[in-house]
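Here the structure comes first, spelled out in structure tokens, and everything after it is commentary.
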Amino acid sequence: MEDKKQQKTIKQKIVSNVMKTSILLGVLLTILMIISNIISTRHILMDNMQMMVKIASQDISANLHLLADRIANLSLEEVLTDESADIEARRNILEERESRIEFVWLAVYDKNGAKLFGDETAPQSAAGREQYQAMIQTDNIAIGTPLYENEIWQMEVGGPLKRDGEVCAYLIGSYKYDILEDVLGNMNVGANGSAYILDQDGMIIADRQTARMEAHSNIYDLYGSRQNNKVFDAMLRFETGAGGTMIDHSYHYVAYSPVAGTNWTMVVDAPYSDYLGIVVVTTVVGIVLCVLLVMWAISYSGKMSSKISDSLALATSRMTSLAAGNLKEPVVIAGTGDEAQVMTEALAETVVNIDHYIEELGNCLEYLSHGDYAQEVPDSFAGDFVVMREALERITDSLNLTMHKIQESSEAINRNSSETSDYARRLYDGSQEQEKTLNELIGSVDVIIDHIGQIDKSASNVKHFAEGAQEKVDQGKAQMDSMMSDMENIYSNMQEIINISRMIANISEETSLLSLNASIEAARAGEAGRGFGVVAQQIGALADQTAQALQQTEDMISQANVSIDTGMKTARQTEESFKEIYEVTKEFHGISNQIEVIARKQQEAVAQVAEEIQKVLEVAGANQELSEKADETAARSLQQAQELEQVVEAVTLREERA
């Protein structure tokens, strides 16, 4: 009941689905409207800005051409190129034009850039100015970039003065920056937009914000990025177009167009946020309309769902009672003239048919419950309910067939139970004999385990003795190695002693020879050398004694050397014997280990065999119990088969069909 209360009604489902659909449509329409507003705003703004920048670049180009025409017309004045003309006349014409055209200054310069005459505020030399170098290179009128001089922004325009087709001087005039500032200031690019002019290197040479002109900013240094640089490169290729850039962490629409007759590019940009208000307003209006639409859809769907749910309430309440097993209560027909009325009429007919079919089924089941399986199922079912009649027929046929088979099986079970009882008795006798044999086998295995245990103990003792022998042999080998090392050292020292004695013998011979020579020389010296001769004789005598002592020492060393050689040979033979004993002891130790391992494995294997025999003994005991229980079960089966035969005989069955 609690789960049914939690289920949604048809009215709730209709209202919920309509509300979800309306909200989804509203969200989709709002998103579509936002996207379309953004796209349309972008395209319209791009087109307008592109048109604006084209017009502005044309205005600037026209103004620059006007300035250039003025310089060109002034350069045609003959007084400026006539060498015989008075300098005052030249100055007067420049002053007249300067006051009439509102030049900042106007002057004439020679080919080296030195001022010849003109306004006092004009610079004395123009040689280092960009505009002057451009006139020399092009031999034509050139327009310089705006510059800040004498506390005013101005721009220079100049052209060559020619006499007989040859350049004799240059006329340069400086205009106020207002000619560009007016055009840039009159451009409507939003509340936070900007308009500026770039030269061929990307430098901002004119701007609505003169601060960027004073800083000599480069567009790449200010706002350079991979995406922005693509737009800036298009500008400096003197293309006309529009695009989007990120400036000061905000998205800007940018339009650009070259200024004809110059190496300049006119640029305007407007932040997207200046025009976002239009998109926000349209979005809010769309959301409000969607909310109103959803509220109206919910109200309308609520009324329609109430009518539908009221019509279906009659059928649902009756179906609920039908599900609870109420087949007697009549169905109230809905007089709506629609599907609800058709449904209640069909429900009433269904309840009547189900009640009739259940009554027929009850009668058939009543016969079956009393053991009458010979009754036929009435042929009064229609439509899909025929399946119920066919199923009931299959049930009765199956019951009849089953009972016939049970009858046959009870007879077979009766016979088999007698045979099973006989086999169970034989199995019980065999199990007892098997248990006796296994007990004897377990006794034999216990004796084997005891013998293997003694073998394992003996193997352990052998291993212990082998380990002791191994340890003693290792000690003897180490001592033998030490003795061999000492013998080698003695032998080496003895060789050194022999060498030293030989060296002393050589020294003794040389000393004796020197004594003889000294005696000869003393004899030659006469009385003066007598004392020296006595010393020489003593030295000779001492050398002879040393030689005799060395001879004796050499004989003793020779005898010791022979003994040491004999000892070395004996020690080496002893060392070889120790090595053989060490190898044999090592093999004996390995064999004792193998014997111990094999004994333990045999002991484990026999123990495992004993465990397996014990398991077989347990199985034999279990078989003995099972055979005894099988004998009892066979007796009970024989009794139950007789009882089953009596039950089958009490049931009324049909004759078996061919």
Side-chain angles (χ1 to χ4, degrees), residues 46 48-71 104 129-131 133-135 138 141-149 152-158 173-190 192-224 228-245 247-248 252-271:
M46 289 287 193
N48 291 338
M49 290 177 64
Q50 196 167 349
M51 183 64 66
M52 182 192 305
V53 77
K54 285 182 180 179
I55 295 172
S57 64
Q58 291 172 1
D59 290 343
I60 292 175
S61 179
N63 291 336
L64 294 177
H65 278 88
L66 179 61
L67 300 180
D69 290 342
R70 289 174 179 174
I71 293 295
V104 177
R129 293 177 177 263
E130 175 187 0
Q131 182 266 346
Q133 297 297 327
M135 284 192 300
T138 62
I141 295 175
I143 301 173
T145 57
L147 55 88
Y148 189 75
E149 196 172 55
I152 186 173
W153 279 99
Q154 48 190 303
M155 55 186 297
E156 298 176 2
V157 181
S174 179
Y175 291 92
K176 291 182 179 180
Y177 175 68
D178 297 345
I179 192 170
L180 297 179
E181 189 175 24
D182 292 341
V183 176
L184 298 176
N186 292 329
M187 298 182 69
N188 184 13
V189 287
N192 300 305
S194 60
Y196 47 91
I197 298 175
L198 304 176
D199 64 5
Q200 68 272 16
D201 297 324
M203 300 296 295
I204 299 175
I205 60 174
D207 198 331
R208 295 173 65 179
Q209 303 174 6
T210 56
R212 290 201 293 187
M213 295 171 58
E214 295 174 0
H216 300 287
S217 303
N218 188 287
I219 193 70
Y220 287 96
D221 296 335
L222 289 176
Y223 313 118
N228 290 355
N229 289 347
K230 294 180 181 179
V231 180
F232 299 157
D233 293 342
M235 294 177 183
L236 301 187
R237 290 195 298 267
F238 304 110
E239 299 178 1
T240 299
T245 58
I247 297 177
D248 294 333
H252 283 232
Y253 295 125
V254 177
Y256 46 90
S257 178
V259 179
T262 66
N263 290 331
W264 299 351
T265 299
M266 179 68 195
V267 182
V268 294
D269 71 73

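- Listed here is the closest heavy atom pair of S57 and V259: O-CG1, 4.0 Å.
- Using a 4.5 Å heavy-atom cutoff, the side chains of L147 and E156 are in contact.
- Between W264 atom CH2 and I60 atom CD1 the span is 8.0 Å, to the nearest 0.5 Å.
- Taking every heavy atom of both residues into account, A56 and M266 meet most closely at CB-CE, 4.1 Å.
- Here CD1 of I197 is found 11.0 Å from CD1 of I204. Values are rounded to the nearest 0.5 Å.
- The shortest heavy-atom contact between Y175 and R70 is OH-CB, 3.6 Å.
- Of all heavy-atom pairs spanning A142 and A134, the tightest one is CB-CB, 3.7 Å.
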* To do: Just do the side chain to side chain contact (heavy atoms under 4.5 Å, CB included) check on E149 and V104 with the steps written out, would you?
  => CA-CA 10 Å; E149 196 172 55; V104 177; over 6 Å; no
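- The shortest distance between side-chain heavy atoms of N218 and F232 does not fall below 4.5 Å.
- Atom OH in Y253 sits 14.0 Å away from atom CD in Q50 (nearest 0.5 Å).
- Shown here for V254 and T245, the closest heavy-atom pair between the two residues is CG2-OG1, 3.2 Å.
- For D233, the side chain to side chain donor-acceptor pair (under 3.5 Å) partners are Y220, not counting sequence neighbours.
- Side-chain contact between I219 and Y196 is present, with heavy atoms from C-beta onward closer than 4.5 Å.
- To the nearest 0.5 Å, atoms OG (S217) and CE (M203) are separated by 7.0 Å.
- With hydrogens and angles disregarded, no donor-acceptor distance shorter than 3.5 Å links the side chain of S257 to the backbone of K54.
- Distance check: E239 CD to M235 CE gives 11.0 Å after rounding to the nearest 0.5 Å.
- A 4.5 Å side-chain heavy-atom check between I141 and M135 finds every atom pair outside the cut-off.
- When side chains are defined from C-beta on, L64 counts as touching T262, because their heavy atoms get closer than 4.5 Å.
- Across all their heavy atoms, F238 and P258 have their closest contact at O-CG, 3.5 Å.
- To the nearest 0.5 Å, atoms NE2 (H252) and CG (D269) are separated by 6.0 Å.
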